[in-house]
Q: 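Quick one: the structure is below, questions incoming.
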Amino acid sequence: MVATDRLKRLLLDTIADNINEMVIGFDGTPSTSSDGSAGRPAVTVSPTVTILDDSSLLVEGNLGTEHNFSETLKEVYIQYKDGSSNFTPIARHVIRPIVKTSTNEMKVQVIIEVR
């Protein structure tokens with residue numbers, strides 16, 4: 001038996017409500033479904049999460065001109081972190097290397113499909 005549309009929406013709402021950190025880092029190793037954390041974190045931002053439809057989330061994070069790195073950024077890691085040091089991995093993606101200096105801004109957008 002397949003899950004009902006109401007259950008799928010509840011799952012999507014729950015995931016959206018629990019994403020509260022986006023870690024952008026330097027690790028460019030391939031992503032897998034069992035990734036448990038960011039490889040080499042550079043910065044953590046609080047993302048904005050938008051439900052696009054009944055199966056998709058848009059997670060957006062911004063880095064302003066106050067962020068400057070000597071190494072290229074190559075990964076985006078999305079997680080839920082509670083008040084202590086406990087966290088739950090949501091997704092990890094390797095991205096095309098980006099040079100982030102104090103002269104540019106960066107907006108990271110990740111679409112997560114929930115089936």
Q: Rounded to the nearest 0.5 Å, how far does CG of N18 lie from CD of Q79?
A: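 Reported value, rounded in 0.5 Å steps: 12.0 Å.
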Q: One pair to check against side-chain hydrogen bond (donor to acceptor under 3.5 Å, both in side chains): T14 and D17. What are the steps and the verdict?
A: CA-CA 5 Å; T14 302; D17 290 344; 5.9 Å; no
Q: Given the rule in the salt bridge (Lys or Arg N to Asp or Glu O under 4.0 Å) test, do R9 and D5 qualify, once you have shown the distances and angles that lead to the verdict?
A: CA-CA 6 Å; R9 182 56 189 233; D5 291 340; over 6 Å; no
Q: Would M22 and T44 satisfy side chain to side chain contact (heavy atoms under 4.5 Å, CB included), going step by step from the backbone distance to the final call?
A: CA-CA 6 Å; M22 177 184 280; T44 300; over 6 Å; no
Q: Is it the case that the side chain of K107 and the backbone of E60 share a donor-acceptor pair, with hydrogens and angles ignored and the cut-off at 3.5 Å?
A: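 Not at all, since once roles are kept as given, no pair shorter than 3.5 Å links the two residues.
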Q: If I take atom CG from residue N104 and atom NE2 from residue H67, how far apart are they, to the nearest 0.5 angstrom?
A: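 Separation between the atoms: 11.5 Å.
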Q: Drop me the distance from S55's OG to I111's CD1, to the nearest 0.5 angstrom.
A: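 Reported value, rounded in 0.5 Å steps: 10.5 Å.
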Q: What distance do I78 atom CD1 and N20 atom CG have between them, rounded to the nearest 0.5 Å?
A: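 Between atom CD1 of I78 and atom CG of N20 there are 11.5 Å.
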Q: V23 vs V43, test: side chain to side chain contact (heavy atoms under 4.5 Å, CB included). Steps then yes/no.
A: CA-CA 6 Å; V23 181; V43 64; over 6 Å; no
Q: With rounding to the nearest 0.5 angstrom, report the CG to NZ distance, D13 to K8.
A: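 Atom-to-atom, D13:CG and K8:NZ are 14.0 Å apart.
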Q: So does E71 pair up with R40, basic N to acidic O under 4.0 Å?
A: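 Salt bridge between E71 and R40, a charged N being under 4.0 Å from a carboxylate O: yes.
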Q: Treat each ILVMFWY residue as a node, draw an edge where side-chain heavy atoms are under 4.5 Å apart, and state whether F87 and V59 are in one component.
A: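 No; V59 is not reachable from F87 via cluster members.
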Q: Is the backbone N or O of S70 less than 3.5 Å from a side-chain atom of K100, with the two atoms forming a donor-acceptor pair by type?
A: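 Absent.
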Q: Tell me the closest heavy-atom pair linking P41 and F26, and the distance in Å.
A: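 For P41 versus F26, the nearest heavy atoms are O-CE1, 4.1 Å.
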Q: If you take all heavy atoms of L73 and I24, which pair is closest and at what distance?
A: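 That closest heavy-atom pairing would be CD1-CG2, 3.8 Å.
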Q: I need the minimum non-hydrogen distance between D53 and L12, along with the two atoms involved.
A: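 So the two residues come closest at O-CD2, 3.1 Å.
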Q: Give the minimum heavy-atom separation between T101 and N68, together with the two atoms involved.
A: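 For T101 versus N68, the nearest heavy atoms are CA-OD1, 3.2 Å.
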Q: Could you see if I112 belongs to whatever hydrophobic cluster contains Y80? Use Ile, Leu, Val, Met, Phe, Trp, Tyr and a side-chain cutoff under 4.5 Å.
A: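 Unlinked, I112 and Y80 end up in two clusters.
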Q: Find out if a path of hydrophobic residues (ILVMFWY) with successive side-chain heavy-atom gaps under 4.5 Å connects L58 to V108.
A: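 The answer is no; the residues belong to distinct hydrophobic clusters.
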Q: Run the side chain to side chain contact (heavy atoms under 4.5 Å, CB included) check on L63 and V45 step by step: do they pass?
A: CA-CA 8 Å; L63 294 179; V45 298; 3.6 Å; yes
Q: Step by step, would you call T65 with E105 a side chain to side chain contact (heavy atoms under 4.5 Å, CB included)?
A: CA-CA 5 Å; T65 55; E105 295 180 350; 3.8 Å; yes
Q: Are L11 and L57 co-members of a hydrophobic cluster defined by side-chain heavy atoms under 4.5 Å apart?
A: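 Yes, one cluster joins them.
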Q: Tell me the closest heavy-atom pair linking G28 and V94, and the distance in Å.
A: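 Looks like O-CG1, 3.8 Å.
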Q: What heavy-atom pair brings H93 and A91 nearest, and what distance separates the two atoms?
A: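 That closest heavy-atom pairing would be NE2-CB, 3.6 Å.
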Q: Using a 3.5 Å distance criterion without hydrogens, assess whether the side chain of E75 forms a donor-acceptor pair with backbone atoms of G39.
A: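 Looks like yes, one N/O pair under 3.5 Å.
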Q: If two hydrophobic side chains count as joined below 4.5 Å and joins carry through other members, does Y77 share a cluster with I15?
A: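 Y77 and I15: separate clusters.
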Q: Look up atom CD in E66 and atom OG in S102, then write down how far apart they are to the nearest 0.5 Å.
A: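 Reported value, rounded in 0.5 Å steps: 10.0 Å.
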